[in-house]
Amino acid sequence: MVLVYVETTGGEIRKAGQEALTYGRKLADKAVTTCVALVLGKATDPAGAGRYGASRVLHAGDGALDAFESGLYASAIAAAARQTGARFVVMAHSANGKSLAGRVAVRLEAGCVSAVNDLPDLSGGCAVRKGVYSGKAMAEVQVLTPVAVLTVAGNAIQPVVVGDKAPVEPFAPELPARKVRVKGVDKVEGLVPLPEAEIVVSAGRGMKGPENWGIVEELARELGATTACSRPVADSGWRPHHEHVGQTGIAIRPNLYIAIGISGAIQHLAGVNRSKVIVVINKDPEAPFFKAADYGVVGDLFEVVPRLTEAIRRSKGSH
Amino acid sequence: MSTFAGTKTPGFDLNSLRMNILVGVIKTPDTTAKIAFTDNNTRLDTQGVAFIMNPYDEWYALVRALEIKEAVGGQVTLIAVGDAEYDQILRKGLAIGADDAIRIDTEAMDSFQVAREIARQVRAGSYDLVFLGKETIDHNGSEVGAMLAELLDWPFLSYANKLELNGEVATVNREIEGGVETMEVSPPFVLSAAKGLAEQRIPNMRGIMMAKTKPLQVVAPEQGDARVRFASYTLPKEKSSVRLIAPDQMDELVRLLKEEAKVL
Ligand SMILES: Cc1cc2nc3c(=O)[nH]c(=O)nc-3n(C[C@H](O)[C@H](O)[C@H](O)COP(=O)(O)OP(=O)(O)OC[C@H]3O[C@@H](n4cnc5c(N)ncnc54)[C@H](O)[C@@H]3O)c2cc1C
Ligand SMILES: Nc1ncnc2c1ncn2[C@@H]1O[C@H](COP(=O)(O)O)[C@@H](O)[C@H]1O
């Protein structure tokens, strides 16, 4: 049995939840078992987890679970794992998933592997691959316990719709008292958050100043991309801190990362080198970023970026 | 700059506000280190690798702990689960301003062993708070904090980029996807530190001299099994060299992204 904890925002299944479900369903196929989804708190359509392959859905709708708390959520997930006899507990490697996996693993006396990239090899137990050393290497991690708790790295798997709504069963685990009071959530509206973005347009000191970001934003808009930046750009206040990617900022793994006027220092690469495809635009042919790039344009960004935006616009027109 | 808002309420017993804070620190290869493996790809080749204190531990967790101690009094204790090579980073933490250090003398096999050892020290001592980094930059696990909180049955505030203490109530901002969550909690709790929580401090000469005589206690580990094992490592395939596109050929770049890379 594979149990997938499905994250929701505003009651809807988030992309991270869809990815975890797809991973869980594929893992269940591989282990010749079924995949059960667990939804906590308010949810508009828990049955929708069936679309990604869950054969049934446990829904703990207790109001105590409407706001996140790692201790509360972990006890609910562990209770569901025990009830379903889960051998694998799967969740997203998101902010919440990361604060839960270790707690759930302790409760279940299970081995925990975070940010896995692939389905495990089940031939001799459970061995699964993950990125280590800031993306500079991969490790194969063996789980030595009967139960495994896995968190799935963002964008490691594409959500796949395979079915239809699944039956929902109410689930009422015993919950500990709440110790943390959630006072509010400040969301940056309208944007796909960086860790979830499929396309990221990022710019660095080569932009010369914050007043020049219009061309970057326009390219991002044309691509439906989220914007990011290098650390000196955030440190000097040209862009907000939540856009800072790299070793000390956010680590991302989009399908496409476009780096504009960024030299490609190792600390920057540490946060972006897991991107599937990297495009680098830099006027210096010796910029280290070109060594990590799939496609490169050697040229002045102030000319290249508007041209690229135009070309994307044209390509849309021709369809 | 993170400012400290720990106001001491008049009439409040000052001693009850003192905070004893345990800060977990781990050593990691410098990010610029070239990563290679030995022993049939089962171990990091440490030759020529410089090790540093994990930046989240040093810059944010430790410094915020010191700021709190400076405001309300108390003690900042470092803890590391690792072999004698850790003494060097513990001395650095003492030079930055921690009062004393504990080293659990073992090479931990997995996050659970680390969490179990730290939990044992927390139970043996009298700590109000445990601060960790948000993740180790080598194995990028983000596992120890949650495990430790569960072992202690304490709340866990992960990815904190702001912490203010007001009497017995802490207000913590926590990074979540695309935003920030604000929470209130009372000690004891475990917190993991992200960028923004504090500003890096560079040890000065006086700190470095004082660190030499501060207590560093070495403790034998508890016996217990690991729950996962890092069995082997592989290096990614070398990227094939970059494909250059002339700056006036942006239609071609878009075509390649669509048809060859299939990302548009
Ligand atoms: C411990 C530590 C942690 C760090 N963490 C991070 C991190 O998390 N993230 C991060 O990004 N950095 C980090 N850094 C900093 C990192 O080392 C680099 O200094 C930084 O990434 C450089 O930013 P940049 O590429 O924007 O600027 P620069 O290195 O100044 O590069 C600017 C680039 O723009 C190009 N350029 C200039 N004008 C044009 C033009 N008109 N058209 C096209 N190209 C142009 C230049 O050729 C150059 O390559 C860290 C450093 C340390 C020591
Ligand atoms: N061996 C260790 N000794 C002390 N603290 C550790 C150790 N490993 C991890 N930590 C702490 O736990 C945090 C998260 O680590 P991780 O779960 O490995 O990503 C680190 O930033 C440290 O503060």
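No experiment lies behind these values; they were computed from the predicted model shown. Note on naming: letters A, B, ... go to the chains in the order of the sequence lines (proteins, then strands), and numbering restarts at 1 for each one.
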Is any side-chain heavy atom of [X] less than 4.5 Å from a side-chain heavy atom of [Y]?
X	Y	result
B:His139	A:Tyr133	yes
A:Lys98	B:Ser158	no
A:His241	B:Asn161	no
B:Thr32	A:Gln267	yes
B:Ile176	A:Phe68	no
A:Cys112	B:Phe112	no
A:Gln247	B:Pro55	yes

Heavy-atom count around [X] [atom1] within 6.0 Å, excluding the residue itself: above 12?
X	atom1	value
B:Asp39	CG	yes
B:Lys162	NZ	no
B:Glu184	CD	yes
B:Met109	CE	no
A:Arg181	CZ	no
B:Glu85	CD	no
B:Gln200	CD	yes

After noting the C-alpha distance and the side-chain angles of B:Asp225 and A:Leu144, does the key distance pass the side-chain contact (heavy atoms from CB on, under 4.5 Å) rule? CA-CA 9 Å; B:Asp225 293 334; A:Leu144 308 173; over 6 Å; no
Is it true that a side-chain atom of [X] and a backbone atom of [Y] form a donor plus acceptor pair closer than 3.5 Å?
X	Y	value
B:Arg227	A:Thr145	no
A:Lys136	B:Ala33	yes
A:Ser114	B:Gly141	yes
A:Glu196	B:Glu177	no
A:Lys276	B:Ala261	no

B:Asp251 and its salt bridge (charged side-chain N to carboxylate O under 4.0 Å, His left out) partner, picked from A:Arg313, A:Arg314, A:Arg307: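 Checked A:Arg313, A:Arg314, A:Arg307 against B:Asp251; only one passes salt bridge (charged side-chain N to carboxylate O under 4.0 Å, His left out): A:Arg314.
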Part of [X] within contact of chain A (heavy atom distance under 4.5 Å):
X	result
B:Arg174	side chain
B:Lys134	side chain
B:Pro29	side chain
B:Tyr159	side chain
B:Trp59	side chain
B:Phe189	neither
B:Leu253	side chain
B:Leu264	side chain
B:Asp153	both
B:Phe156	both

Largest heavy-atom contact set with chain B, pairs under 4.5 Å, which of [options]:
options	result
A:Val104, A:Val298, A:Leu194	A:Val298
A:Gly71, A:Ala137, A:Gly111, A:Ser99	A:Ser99
A:Val185, A:Val280, A:Asp186	A:Asp186
A:Glu198, A:Arg107, A:His93, A:Glu69	A:Arg107
A:Ile266, A:Ile250, A:Thr309	A:Ile266
A:Ala251, A:Ala110, A:Ala265	A:Ala110

Can you name the nearest heavy-atom pair linking [X] to [Y], along with the distance?
X	Y	answer
A:Val304	B:Pro247	CG2-CB, 3.9 Å
B:Gly178	A:Pro193	N-CB, 3.3 Å
A:Ser315	B:Lys258	OG-NZ, 3.2 Å
B:Met250	A:Leu308	CG-N, 3.7 Å
A:Ser134	B:Thr31	OG-CG2, 4.2 Å
B:Val263	A:Ile199	O-CD1, 4.1 Å

Point-to-point distance, once rounded to the nearest 0.5 Å, from [atom1] of [X] to [atom2] of [Y]:
X	Y	atom1	atom2	result
B:Leu257	A:Leu223	CG	CG	8.5 Å
B:Glu150	A:Leu100	CD	CG	10.0 Å
B:Met183	A:Lys183	CE	NZ	11.5 Å

Go through [options] and name the one with the most non-hydrogen pairs under 4.5 angstrom from chain A.
options	answer
B:Lys262, B:Arg116, B:Glu143	B:Glu143
B:Ala36, B:Gly179, B:Ala146	B:Ala146
B:Tyr60, B:Trp154, B:Phe230	B:Phe230
B:Lys34, B:Arg255, B:Arg229	B:Arg229
B:Val254, B:Val242, B:Leu151, B:Val185	B:Val242
B:Ala231, B:Pro155, B:Ser232, B:Ser142	B:Ser232

Against chain B, label [X] side chain, backbone, both or neither, depending on which of its atoms sit under 4.5 Å from a heavy atom there.
X	value
A:Asn96	both
A:Thr248	both
A:Leu269	neither
A:Arg231	side chain
A:Ala292	backbone
A:Ala293	both

